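Scroll down for the structure; my scribbles are underneath it.
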Amino acid sequence: MAEAGTGFLEQLKSCIVWSWTYLWTVWFFIVLFLVYILRVPLKINDNLSTVSMFLNTLTPKFYVALTGTSSLISGLILIFEWWYFRKYGTSFIEQVSVSHLRPLLGGVDNNSSNNSNSSNGDSDSNRQSVSECKVWRNPLNLFRGAEYNRYTWVTGREPLTYYDMNLSAQDHQTFFTCDSDHLRPADAIMQKAWRERNPQARISAAHEALEINEIRSRVEVPLIASSTIWEIKLLPECATAYILLAEEEATTIAEAEKLFKQALKAGDGCYRRSQQLQHHGSQYEAQHRRDTNVLVYIKRRLAMCARRLGRTREAVKMMRDLMKEFPLLSMFNIHENLLEALLELQAYADVQAVLAKYDDISLPKSATICYTAALLKARAVSDKFSPEAASRRGLSTAEMNAVEAIHRAVEFNPHVPKYLLEMKSLILPPEHILKRGDSEAIAYAFFHLAHWKRVEGALNLLHCTWEGTFRMIPYPLEKGHLFYPYPICTETADRELLPTFHEVSVYPKKELPFFILFTAGLCSFTAMLALLTHQFPELMGVFAKAFLSTLFAPLNFVMEKVESILPSSLWHQLTRI
């Protein structure tokens with residue numbers, strides 16, 4: 001019985017919602033018609049006369065109290081709306097109307113429908129963790145000694161912040177150390193070196209580790225037990241010491257490559273030995289994990305050295321081999337290095353093949369993925385694209401695909417176009433980036449600006465279309481069209497990652513919701529009315545009566561016209577009914 005009653009109520013509610021959605025105009029006129037017909041039984045004319053007599057007898061003090069009270073109430077609403085907006089990033093009135101009133105009126109939340117139908121397909125867990133701004137290692141970070149330090153020597157400015165370098169120190173301790181380092185003196189020294197803040201102290205510690213390793217490298221061990229025959233066993237060199245020297249002491253890329261090759265020789269030997277012992281216990285497993293990280297890091301930096309020195313094909317081969325040998329280590333984002341090198345070779349078919357593999361719904365996006373996809377779509381139409389011609393004949397299918405790809409990329413990271421269009425000056429990219437932030441935009445544009453310039457008309461197409469993204473999405477900070485909502489914390493994190501001499505991009509700026517502007521205007525207007533009524537009570541009373549009479553004048557005019565059009569006999573019968 002209860003279920004039948006519940007079902008009936010649900011059907012009744014759905015009927016009301018349907019009728020309100022599609023027949024609200026009819027409802028409105030029916031209500032007006034009924035009110036007019038029942039004006040005699042309801043004594044509407046008498047009540048209106050009574051109200052008008054009451055308004056005529058009001059003293060100016062009433063208007064002072066009325067305007068003062070309305071000003072106070074609107075001010076309180078404004079204060080509450082502003083507090084709610086600062087804390088939660090949305091308007092309370094707008095949220096209530098969208099969440100509770102719109103479903104009752106049969107509306108659909110566009111934001112939820114867009115998110116559920118979005119082509120990006122990011123998981124719900126990513127959307128729930130939006131408030132946490134995760135910092136990522138920059139896949140295209142430069143070399144400290146050969147590039148960052150040279151910039152400091154020339155300009156006198158520090159391109160890296162303390163926060164950025166501290167994150168790098170934490171990464172080095174995570175990837176290059178393990179609990180068994182104390183068993184090998186060189187690794188124990190390097191474990192302390194990664195925690196050193198002073199660059200010279202780190203470099204000295206790396207040299208000390210290599211010297212200790214060289215002194216202890218020739219160890220005599222018995223060839224056969226209880227034998228007088230001895231052999232010389234060479235201990236492995238310290239690969240992490242070479243890594244530190246290549247990163248921070250080498251002043252040129254060629255010197256860094258030479259040191260990385262020595263590190264590769266030492267790291268490859270350690271990796272093979274730990275690979276044989278990895279299943280003998282947790283300690284050996286941790287050692288093997290550390291040696292794997294060291295080997296992957298060395299090979300990846302060697303590929304980057306080859307790319308810097310102009311040997312791009314060699315770099316592409318090294319990156320492909322590394323991705324085949326260690327397919328599970330996606331945390332290093334080696335595919336982004338590969339994409340940049342393939343774009344330099346103008347191997348666009350290979351770029352598309354890599355994008356097809358990594359631009360997947362289950363993988364996190366990046367500016368490199370989104371903007372490279374947009375560049376390939378723009379390349380097909382940009383050489384013949386003309387805004388005037390497109391406005392006359394409309395966009396073709398290929399042009400529409402290119403524009404949609406640009407909108408997708410701009411929505412993911414809105415800071416990139418200003419750097420690609422050279423509306424903002426570039427700086428050296430940091431060692432860590434914040435996805436969808438200004439730091440990621442700098443890191444992408446620093447290496448990919450040349451690839452966009454190489455494609456004829458690509459920057460022109462970007463210039464004509466990128467701002468349309470923010471007309472499609474009213475509040476980029478609060479709503480997401482293809483991706484989860486834009487994180488609010490990006491500006492704070494970027495200011496920690498980027499140097500002080502760089503002006504952090506905060507576009508798109510957060511716009512105030514309509515209801516805050518409305519309540520601010522209402523509060524100001526009612527406060528002005530209260531002040532004028534207090535100063536000129538009699539004059540404001542005359543204005544108030546004139547305003548009310550003007551407000552009801554159209555309604556009285558319509559009523560008179562209706563009475564003159566309808567026959568008196570019909571009107572009499574309807575009144576009796």
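Fair warning: this is a prediction, and the values are worked out from it, not measured in the lab. Values reported hereafter were calculated over all heavy atoms of this structure, with side chains retained and with hydrogens, waters and symmetry mates removed.
At least one side-chain heavy atom of Ser168 sits less than 4.5 Å from a side-chain heavy atom of Arg137. With contacts defined as side-chain heavy-atom distances shorter than 4.5 Å, the pair Leu343/Phe447 does not qualify. Using a 4.5 Å heavy-atom cutoff, the side chains of Met190 and Phe176 are not in contact.
For CD of Glu503, the number of neighbouring non-hydrogen atoms (other residues, nucleotides, ligands) closer than 6.0 Å is 12 at most. The number of heavy atoms from other shown groups lying within 6.0 Å of CD (Glu456) does not exceed 12. Within a 6.0 Å sphere centred on NZ of Lys435, heavy atoms belonging to other residues, nucleotides or ligands number more than 12. More than 12 heavy atoms of other residues, nucleotides or ligands sit less than 6.0 Å from atom CZ of Arg454.
Under the rule for a side chain to side chain donor-acceptor pair (under 3.5 Å), the partners of Asp321 that lie at least two apart in sequence or sit in another chain are Lys317. In this structure, Tyr242 has no ring-ring contact (aromatic ring centres under 6.0 Å, His included) partners at least two apart in sequence or on a different chain. Partners of Glu314 by salt bridge (Lys or Arg N to Asp or Glu O under 4.0 Å), not counting sequence neighbours, listed by chain and number: Arg311. Every side-chain contact (heavy atoms from CB on, under 4.5 Å) that Arg320 has, sequence neighbours left out, goes to Val316, Leu338, Leu342, Asp350. Gln191 pairs by the side chain to side chain donor-acceptor pair (under 3.5 Å) definition with nothing, not counting sequence neighbours. Listed by chain and number, the residues in a side chain to side chain donor-acceptor pair (under 3.5 Å) with Tyr297 are Glu247 (sequence neighbours excluded). In this structure, the side-chain contact (heavy atoms from CB on, under 4.5 Å) partners of Arg495, at least two apart in sequence or on a different chain, are Glu491, Val504, Val506. Listed by chain and number, the residues in a salt bridge (Lys or Arg N to Asp or Glu O under 4.0 Å) with Asp187 are Arg184, Arg290 (sequence neighbours excluded). For Thr368, the side chain to side chain donor-acceptor pair (under 3.5 Å) partners at least two apart in sequence or on another chain are Glu336.
In this structure, Leu295 and Gly267 approach most closely via the heavy-atom pair CD1-C, 4.3 Å. Considering all non-hydrogen atoms of both residues, Phe260 and Cys305 come closest at CD1-SG, 4.2 Å. In terms of heavy atoms, Ala246 sits closest to Ala256 at O-CB, 3.5 Å. In terms of heavy atoms, Cys370 sits closest to Lys365 at SG-CB, 4.2 Å. Between Leu142 and Pro429, the shortest heavy-atom contact is CD1-CD, 4.1 Å. Summarising the geometry of Ile369 relative to Tyr358, their closest heavy-atom pair is CD1-CB, 4.1 Å, with the distance given to 0.1 Å.
Atom-to-atom distance recorded for Leu339:CG and Met319:CE is 10.0 Å, nearest 0.5 angstrom. We find the OG1-CZ distance between Thr292 and Phe326 to be 6.0 Å, quoted to the nearest 0.5 Å. Put simply, CG on Leu462 and CG on Leu375 are 10.0 Å apart, with the number rounded to the nearest 0.5 Å. Here the straight-line distance linking atom CD of Glu248 with atom CD1 of Ile243 works out to 11.5 Å at 0.5 Å rounding. Rounded to the nearest 0.5 Å, atoms CG (Asn166) and CD (Glu496) are 11.0 Å apart. Between the SG atom of Cys178 and the CD atom of Glu285 there is a distance of 12.0 Å, given to the nearest 0.5 Å.
When Glu340, His335, Arg300 are each tested for a side-chain contact (heavy atoms from CB on, under 4.5 Å) with Pro139, only one passes: Arg300.
Taking the ring axis of Trp194 as reference, the NZ or CZ atom of Lys192 does not stay both within 45° of it and closer than 6.0 Å to the ring centre. Taking the ring centre of Phe175 as origin, the terminal cationic atom of Arg289 falls outside the region bounded by 6.0 Å and 45° from the ring axis.
Counting only distance, with no hydrogens or angles, the side chain of Arg308 and the backbone of Ala254 share no donor-acceptor pair below 3.5 Å. Judged by distance alone, the side chain of Glu147 and the main-chain N or O of Phe143 form a donor-acceptor pair under 3.5 Å.
Pairs engaging residues 149-162 under the side-chain hydrogen bond (donor to acceptor under 3.5 Å, both in side chains) rule: Tyr162-Arg197 [sequence neighbours left out]. Contacts classified as side-chain hydrogen bond (donor to acceptor under 3.5 Å, both in side chains) and involving residues 437-450 (residues at least two apart or in different chains) are given here: Asn413-Glu440, Tyr419-Asp438, Asp438-His502, Ser439-Asp494, Tyr444-Trp452. Applying the salt bridge (charged side-chain N to carboxylate O under 4.0 Å, His left out) test to residues at least two apart or on different chains, the pairs with a partner in residues 417-428 are Glu422-Lys453.
Counting only N and O atoms by type, the side chains of His432 and Asn141 include no donor and acceptor under 3.5 Å apart. Checked by atom type, the side-chain pair Gln346/His451 shows no donor-acceptor distance below 3.5 Å.
Residues His288 and Tyr271 bring their aromatic ring centres within 6.0 Å.
Ion pairing between a basic and an acidic side chain is recognised when a charged N comes within 4.0 Å of a carboxylate O; Glu325 and Lys299 show such pairing. Comment: Arg307 engages Glu344 in a salt bridge, judged by a side-chain N to carboxylate O separation of less than 4.0 angstrom.
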